[in-house]
K.L.:
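The structure that follows is given in the form of structure tokens.
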Amino acid sequence: EPIDGAVCLMDLADDFGKSHNRELYIETYNAAIQFAKDYPSTLWCYGNHDLSYIWEKPETGFNPDMRTLVYDKIEELKSCLPSENQLAYIHKIDKVLFMHGGLSNFFVRRWVTPSHQKAIGKTIVEINEMGSALMWSSSSPIWYRPQFAPDSSPSRLFRGGKYLQVVGHTPVKDVILEGGVLSCDTFSTYSDGTPYGSQKFCVVDTRELTFRTY
């Protein structure tokens with residue numbers, strides 16, 4: 001159906017029992033690269049599994065023998081995009097923040113320059129420029145799991161109640177909206193490779209803050 005654009009929440013690398021399947025890594029990233037060529041306005045959000053290869057940080061399923069391959073493929077993906085800013089930790093469209101994990105008030109207050117915290121654009125720019133020292137932590141936007149936070153109210157989220165966060169990272173059976181977070185990782189699998197979720201896609205109205213799946 002007609003849409004204005006697509007956002008990929010990533011974690012393209014790694015799967016149970018497939019970490020030595022070089023051809024599957026190539027097939028997966030080539031599919032992403034072709035999609036970027038076919039739909040050059042697409043936005044991409046770094047996942048922790050993708051970054052584990054860039055930063056050489058061991059992760060579930062991480063295979064050091066594939067590091068150069070994945071690194072090169074991500075660079076190839078970036079080269080296909082009109083702007084290098086299209087591959088980032090966080091993207092903002094209207095009143096929606098897209099990212100892999102989630103953005104908490106704690107992370108912003110702890111690491112973002114105080115004067116930048118009042119302007120969401122400056123906050124996002126500063127976070128998107130952060131390196132592994134700050135991002136490879138459980139509270140960062142590539143790792144944070146707001147679904148597991150003790151307090152499920154939007155107040156724990158950055159600009160919660162005003163902005164919707166659309167995230168992947170945490171496997172869900174179906175797309176779920178709860179506490180200001182739209183969880184969309186319906187494509188994860190069990191250890192035997194069978195699907196965990198519904199494998200549905202999500203269409204988000206970034207102005208009305210509504211969504212539907214198909």
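Starting from 1, each residue takes its place in the sequence as its number. Note: hydrogens, waters and symmetry copies are ignored here, and every other heavy atom, side chains too, is used. These numbers were taken from a predicted model, which means no experiment stands behind them.
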K.L.:
Is it the case that the ring center of Trp44 lies less than 6.0 angstrom away from the ring center of His91?
P.N.:
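No, ring centres 6.0 Å or more apart.
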K.L.:
Check whether any side-chain heavy atom of Tyr144 sits under 4.5 Å from a side-chain heavy atom of Ser137, and report yes or no.
P.N.:
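No, side chains not in contact.
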K.L.:
Counting N and O atoms only, with roles assigned by atom type, does the side chain of Arg156 sit under 3.5 Å from a partner on the main chain of Ser104, one being a donor and the other an acceptor?
P.N.:
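Not at all, since once roles are kept as given, no pair shorter than 3.5 Å links the two residues.
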K.L.:
Quick check for you: to the nearest 0.5 Å, what is the distance between Ser79 atom OG and Ile33 atom CD1?
P.N.:
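Nearest 0.5 Å value for the OG-CD1 distance: 7.5 Å.
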K.L.:
Backbone N or O of Arg207 within a donor-acceptor pair of the Asp205 side chain at under 3.5 Å?
P.N.:
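Yes, the answer is positive, given that a donor and an acceptor are paired below the 3.5 Å cut-off.
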K.L.:
Would you say the side chain of Asp11 lies within less than 4.5 Å of the side chain of Asn48, judging by non-hydrogen atoms?
P.N.:
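A side-chain contact exists here, since the closest heavy-atom pair is under 4.5 Å.
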K.L.:
Please check: side-chain N/O of Tyr89 versus main-chain N/O of Met130, any donor-acceptor pairing under 3.5 Å?
P.N.:
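Answer holds: yes.
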K.L.:
Is the backbone of Ser19 close enough, under 3.5 Å, to the side chain of Asn63 for a donor and an acceptor to pair up by distance?
P.N.:
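Yes, the answer is positive, given that a donor and an acceptor are paired below the 3.5 Å cut-off.
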K.L.:
Is Thr60 close to His49 at the side-chain level, that is, under 4.5 Å between some pair of heavy atoms?
P.N.:
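Yes, side chains in contact.
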K.L.:
Just by distance, no angles: are the side chains of Glu126 and Thr113 close enough, under 3.5 Å, to form a donor-acceptor pair?
P.N.:
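Note: Glu126 and Thr113 side chains meet the donor-acceptor criterion.
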K.L.:
Applying side-chain contact (heavy atoms from CB on, under 4.5 Å), name anything that partners Pro171, two or more places apart in sequence or on another chain.
P.N.:
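side-chain contact (heavy atoms from CB on, under 4.5 Å) list for Pro171, sorted by chain: Arg145, Asp185, Ser188, Tyr196.
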K.L.:
Can you tell me how far apart NZ (Lys57) and OG (Ser52) are? Round to the nearest 0.5 Å.
P.N.:
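Lys57 NZ to Ser52 OG: 11.0 Å, rounded to 0.5 Å.
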K.L.:
Before giving the answer on side-chain contact (heavy atoms from CB on, under 4.5 Å), spell out for Glu27 and Leu24 the whole-Å C-alpha distance, their side-chain angles and the decisive distance to 0.1 Å.
P.N.:
CA-CA 5 Å; Glu27 177 185 341; Leu24 185 56; 4.0 Å; yes
K.L.:
Please name all residues satisfying side-chain contact (heavy atoms from CB on, under 4.5 Å) with Val203, sequence neighbours left out, ordered by chain then number.
P.N.:
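If we apply the side-chain contact (heavy atoms from CB on, under 4.5 Å) test to Val203, skipping adjacent residues, the hits are Glu1, Ile3, Arg212, Tyr214.
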K.L.:
What I want to check is whether the side chains of Asp38 and Gln34 have a donor and an acceptor closer together than 3.5 Å.
P.N.:
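Per modelled atom types, Asp38 and Gln34 side chains form a pair under 3.5 Å.
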K.L.:
Count the heavy atoms of every other residue, nucleotide or ligand shown that sit under 6.0 Å from CD of Glu84, and state whether that count exceeds 12.
P.N.:
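No.
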K.L.:
Establish, from distance only, whether the side-chain atoms of Tyr29 and Asp50 form a donor-acceptor pair under 3.5 Å.
P.N.:
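Indeed, the side chains of Tyr29 and Asp50 share at least one donor-acceptor pair under 3.5 Å.
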K.L.:
List the atom of Cys80, the atom of Lys37, and the distance in Å for their closest heavy-atom pair.
P.N.:
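Heavy atoms of Cys80 and Lys37 come nearest at SG-CE, 3.6 Å.
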K.L.:
Would you check, one step at a time, whether the test ring pair (Phe, Tyr, Trp, His ring centres under 6.0 Å) holds for Trp143 with His100?
P.N.:
CA-CA 8 Å; Trp143 272 105; His100 185 66; 8.5 Å; no
K.L.:
Show, in sequence, the C-alpha distance, side-chain angles and deciding distance for Leu134 and Ser140, and conclude whether the side-chain contact (heavy atoms from CB on, under 4.5 Å) test is met.
P.N.:
CA-CA 7 Å; Leu134 296 181; Ser140 84; over 6 Å; no
K.L.:
Under 4.5 Å side-chain heavy-atom separation, chaining through any Ile, Leu, Val, Met, Phe, Trp or Tyr, what else clusters with Val172? Say none if it is isolated.
P.N.:
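Direct or chained contacts put Val172 with Ile176.
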K.L.:
For Tyr53 and Asp14: C-alpha separation, side-chain torsions, deciding distance, then whether side-chain hydrogen bond (donor to acceptor under 3.5 Å, both in side chains) applies.
P.N.:
CA-CA 10 Å; Tyr53 287 87; Asp14 305 329; 2.5 Å; yes
K.L.:
Within the side chain of Gln86, is there an N or O that forms a donor-acceptor pair under 3.5 Å with the backbone of Pro40?
P.N.:
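Between the backbone of Pro40 and the side chain of Gln86 there is a qualifying donor-acceptor contact (under 3.5 Å).
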K.L.:
Atom OG1 in Thr186, atom NZ in Lys173: separation rounded to 0.5 Å?
P.N.:
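Here the rounded value is 11.5 Å.
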K.L.:
As an exercise, state the distance from CD of Gln199 to OG1 of Thr213, rounded to the nearest 0.5 Å.
P.N.:
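Going from CD on Gln199 over to OG1 on Thr213, the span is 13.0 Å.
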K.L.:
Would you check if the side chain of Thr194 reaches a backbone N or O of Tyr190 as a donor-acceptor pair within less than 3.5 Å?
P.N.:
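No, because the side chain of Thr194 does not come within donor-acceptor range (under 3.5 Å) of the backbone of Tyr190.
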K.L.:
Measuring from atom CG of Leu177 to atom CG of Leu164, what distance do you get when rounded to the nearest 0.5 angstrom?
P.N.:
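Answer rounded to 0.5 Å: 6.0 Å.
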K.L.:
Under 4.5 Å between any side-chain heavy atoms of Lys92 and Val96, yes or no?
P.N.:
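No - every pair of side-chain heavy atoms lies 4.5 Å or more apart.
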K.L.:
Rounded to the nearest 0.5 Å, what's the gap from CD on Gln117 to CZ on Phe158? Could you check?
P.N.:
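It comes to 7.5 Å.
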K.L.:
Between Val175 and Phe201, does the side-chain contact (heavy atoms from CB on, under 4.5 Å) criterion hold? Intermediate values first, please.
P.N.:
CA-CA 8 Å; Val175 177; Phe201 288 95; over 6 Å; no
K.L.:
I'd like to know if the side chain of Gln147 pairs up with that of Thr170 as donor and acceptor (distance under 3.5 Å, no hydrogens or angles considered).
P.N.:
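The criterion, which ignores hydrogens and geometry beyond distance, is satisfied for Thr170 and Gln147.
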K.L.:
Can you establish whether the number of heavy atoms outside Asp4 located under 6.0 Å from its atom CG is more than 12?
P.N.:
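Incorrect, the count does not exceed 12.
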K.L.:
Can you label the angle between the Trp136 ring and the Trp55 ring as parallel, tilted or perpendicular, going by 30° and 60°?
P.N.:
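It falls in the perpendicular class, over 60°.
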K.L.:
Any side-chain heavy atom of Lys73 sitting closer than 4.5 Å to one from Leu77?
P.N.:
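Side-chain contact under 4.5 Å: no.
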K.L.:
With a 4.5 Å heavy-atom cut-off, do Leu182 and Gln165 have their side chains touching?
P.N.:
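The answer is no, as the side chains (C-beta and beyond) never meet within the 4.5 Å cut-off.
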